Amino acid sequence: VDLVADGAIAAGKPVIVTTAGKAAQIATQINARSSTASSSIHENDKPDRDNTHYALAFDTSKDRVVLATSRYANVANISTGIGTSTVSLGSDFQYSVGGKQPALIYDPDEGDTWLAYRDENDSNKGKIRGLVIGGTGNTTLSNDTGAHTFHTGHTDTVRLVYDTNADKLVILYRDSQTKYYTAIVATVGSNQGLTFGSEVGTGIRGDEGKMWASFDPSVNRVVICMANDDDSNEGYYIMGTVSGNAISFSSSAKFQSGEVDYIKTAYHAGEGKILVSYKDKASNNYLKHKAGTSSSSSVSWGSAFNFPGNY
């Protein structure tokens, strides 16, 4: 594909295609702006474990950021803020009277953003619903079919992953009674209909909030990192393979010896690596990060590094 460059592009650097159809180099840093946009969305819960009380996702088809917290979601146009000090927000959308601990993921195949959460107003069941961006200037959110229940028991620590190979949603959560981290696969149908597979446990128990997951397209696996409550909250990971509406797991292994918390994961497309960050209790509670190279059933983790400033 031949594209016209939008500004200077260094050799070997990743690019994106702008709305003008030109290639622009991805920024290596983010410059702070002098103002913020406000919304009536607010959160009274204390985020004492991690940021499970709010979520963000980027809709590439609409060039909008979807944000969610308890009960409400909104859409932001960050393009208007590039080179300026403004960000445009749409109208608040109440997705649930009792929605808590939201998770968001964008589905590029269907062009919709999915929101999973714990419904405090319905026995803390685990639910998921699709969000559609529309309206004048793509500033409003709506929902086609309402909420789907993926777990009828008390649910927390909800995460969402999109498997680009299988074109499936993978919902991860913790059953609050058994404490087991669990997964379920969902297939998207017409009008945001969902077909669920069976719930499959990871075999690892943990405390609320101490689990995160990302999809590694280099091996087509879901990589889940968590603190293992049955092994002094040491850092464990497990790999999930999606086939149809089912998910199967590899054997679990450690990504970090010693107690961990505040776990986050991400996939680095440029390097083809899984990244994990966590709080290392044995090292003065410093935040650390590692990069891992995935195979079909395991991850080879590199050395741990402190975040700059030793936070």
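By convention here, the first residue in the shown sequence is residue 1. Keep in mind that what you see is a predicted model, and the values were worked out from it rather than measured.
- Counting heavy atoms from C-beta outward, Leu56 and Val66 have side chains that stay 4.5 Å or more apart.
- Nearest heavy atoms, Ala55 versus Leu104: O-CD1, 3.5 Å.
- In this structure, a donor-acceptor pair under 3.5 Å is present between the side chains of His151 and Asp175.
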Quick one: do Val97 and Arg71 satisfy side chain to side chain contact (heavy atoms under 4.5 Å, CB included)? Show the steps, please. CA-CA 6 Å; Val97 174; Arg71 302 180 298 280; 5.5 Å; no
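- Between the OH atom of Tyr236 and the OG atom of Ser257 there is a distance of 8.0 Å, given to the nearest 0.5 Å.
- Here the side chain of Thr113 pairs no donor or acceptor atom with the backbone of Ile105 at under 3.5 angstrom.
- Donor-acceptor pairing under 3.5 Å is lacking for the side chains of Glu110 and Gln192.
- With a 4.5 Å cut-off on side-chain heavy atoms, Cys225 and Trp212 do not count as touching.
- Here the CG atom belonging to Asn228 is positioned 11.5 Å from the CD atom belonging to Glu259, to the nearest 0.5 angstrom.
- Residue Val132 is not grouped with residue Leu115 when hydrophobic side chains (ILVMFWY) are merged at heavy-atom distances under 4.5 angstrom, including chains of intermediate members.
- Residues Ser96 and Lys127 bring no donor and acceptor atom of their side chains to less than 3.5 Å of each other.
- Rounding to the nearest 0.5 angstrom, the gap separating the CZ atom in Phe93 from the CG atom in Leu141 is 7.0 Å.
- Neither Phe150 nor Tyr180 shares a network with the other; the hydrophobic side chains, linked directly or stepwise wherever heavy atoms of I, L, V, M, F, W or Y lie under 4.5 Å apart, form separate groups for each.
- Side chain of Ser283 to backbone of Asn285: no donor-acceptor contact under 3.5 angstrom is found.
- A donor-acceptor pair under 3.5 Å is absent between the side-chain atoms of Thr182 and the main chain of Gly201, judged by distance alone.
- Interatomic distance, OG1 of Thr155 versus CD of Gln177, reported as 8.5 Å (0.5 Å rounding).
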Name each donor-acceptor pair under 3.5 Å that joins a side chain in residues 271-279 to protein atoms two or more places apart or in another chain, with its distance.
from: Lys273; atom 1: NZ; to: Thr293; atom 2: OG1; distance (Å): 2.5
from: Tyr278; atom 1: OH; to: Gln256; atom 2: OE1; distance (Å): 2.8

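- Taking 4.5 Å as the limit, some side-chain heavy atom of Trp114 sits within range of a side-chain heavy atom of Ile128.
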Residues Arg159, Tyr173; criterion side chain to side chain contact (heavy atoms under 4.5 Å, CB included); working and verdict: CA-CA 6 Å; Arg159 312 288 187 240; Tyr173 60 93; over 6 Å; no
Hey, can you pull the donor-acceptor pairs under 3.5 Å for the side chains in residues 214-224, sequence neighbours left out?
from: Ser214; atom 1: OG; to: Thr265; atom 2: O; distance (Å): 3.2
from: Ser214; atom 1: OG; to: Thr265; atom 2: OG1; distance (Å): 2.8
from: Ser214; atom 1: OG; to: Ala266; atom 2: N; distance (Å): 3.3
from: Asp216; atom 1: OD1; to: Ser218; atom 2: N; distance (Å): 2.9
from: Asp216; atom 1: OD1; to: Ser218; atom 2: OG; distance (Å): 2.5
from: Asp216; atom 1: OD2; to: Ser218; atom 2: OG; distance (Å): 3.4
from: Asp216; atom 1: OD2; to: Ser294; atom 2: OG; distance (Å): 2.7
from: Arg221; atom 1: NE; to: Thr241; atom 2: OG1; distance (Å): 2.9
from: Arg221; atom 1: NE; to: Ser296; atom 2: O; distance (Å): 2.8
from: Arg221; atom 1: NH1; to: Val219; atom 2: O; distance (Å): 3.0

Give the intermediate values and the outcome of side chain to side chain contact (heavy atoms under 4.5 Å, CB included) for residues Phe196 and Ile171. CA-CA 10 Å; Phe196 295 107; Ile171 310 167; 3.8 Å; yes
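- Ser250 places no side-chain N or O within donor-acceptor distance of the main-chain N or O of Ile238, the cut-off being under 3.5 Å.
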Let's go through Ser176 and Asp156 carefully: what are the C-alpha distance in whole Å and the side-chain angles of both, what is the deciding distance for side-chain hydrogen bond (donor to acceptor under 3.5 Å, both in side chains) to 0.1 Å, and is it a yes or a no? CA-CA 6 Å; Ser176 306; Asp156 62 52; 2.6 Å; yes
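- We find the CZ-CG distance between Arg129 and Leu194 to be 11.5 Å, quoted to the nearest 0.5 Å.
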Is there a side chain to side chain contact (heavy atoms under 4.5 Å, CB included) between Asp280 and Tyr286? Walk through the geometry before answering. CA-CA 6 Å; Asp280 186 352; Tyr286 287 158; 5.6 Å; no
Does Arg64 form a side-chain hydrogen bond (donor to acceptor under 3.5 Å, both in side chains) with Asn138? I'd like the steps, not just the answer. CA-CA 8 Å; Arg64 297 291 184 268; Asn138 291 322; over 6 Å; no
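- The pair Lys125-Asp119 does not count as a salt bridge, with every side-chain nitrogen at least 4.0 angstrom from each carboxylate oxygen.
- What you find for Lys288 and Phe307 is that their closest heavy atoms are O-CE1, 3.5 Å.
- Residues Asp230 and Arg205 are paired through a salt bridge, judged by an N-O separation under 4.0 Å between the basic side chain and the carboxylate.
- Nearest heavy atoms, Lys100 versus Tyr117: O-CB, 3.4 Å.
- When side chains are defined from C-beta on, Asp109 counts as touching Tyr162, because their heavy atoms get closer than 4.5 Å.
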Could you tabulate the donor-acceptor pairs under 3.5 Å formed by side-chain atoms of residues 242-249, not counting sequence neighbours?
from: Asn245; atom 1: OD1; to: Thr187; atom 2: OG1; distance (Å): 2.3
from: Asn245; atom 1: ND2; to: Thr195; atom 2: O; distance (Å): 2.9

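- Inter-residue side-chain proximity for Lys179 and Glu208 is flagged as unmet; no heavy-atom pair is nearer than 4.5 Å.
- By the 4.5 Å heavy-atom criterion applied to side chains, Ser303 and Phe305 are counted as neighbours.
- Ion pairing between a basic and an acidic side chain is recognised when a charged N comes within 4.0 Å of a carboxylate O; Lys281 and Asp261 show no such pairing.
- Checking Ser61 against Tyr106 by side-chain atom types alone, a donor-acceptor pair falls below 3.5 Å.
- Minimum interatomic distance between Ile204 and Ser252 (heavy atoms only, all atoms of both residues): CD1-CB, 3.7 Å.
- Among Ile184, Leu160, Val161, the one residue that satisfies the side-chain contact (heavy atoms from CB on, under 4.5 Å) test with Leu172 is Val161.
- Using a 4.5 Å heavy-atom threshold, the side chains of Tyr237 and Met239 count as touching.
- One finds no salt bridge joining Asp163 and Lys168 here, because no Lys/Arg side-chain nitrogen approaches an Asp/Glu carboxylate oxygen to under 4.0 Å.
- In summary, Asp229 and Lys210 do not engage in a salt bridge, as defined by a charged side-chain N under 4.0 Å from a carboxylate O.
- In terms of modelled atom types and a separation under 3.5 Å, the side chain of Ser295 and the main chain of Ser298 share a donor-acceptor contact.
- Considering only heavy atoms from C-beta on, Thr149 comes within 4.5 Å of Thr152 through its side chain.
- Formation of a donor-acceptor pair under 3.5 Å by the Asp59 side chain with backbone atoms of Lys62 is found in this model.
- With rounding to the nearest 0.5 Å, the separation of CG in Leu131 from CG in Asp107 is 12.0 Å.
- In this structure, Thr139 contributes its side chain and Gly90 its backbone to no donor-acceptor pair below 3.5 Å.
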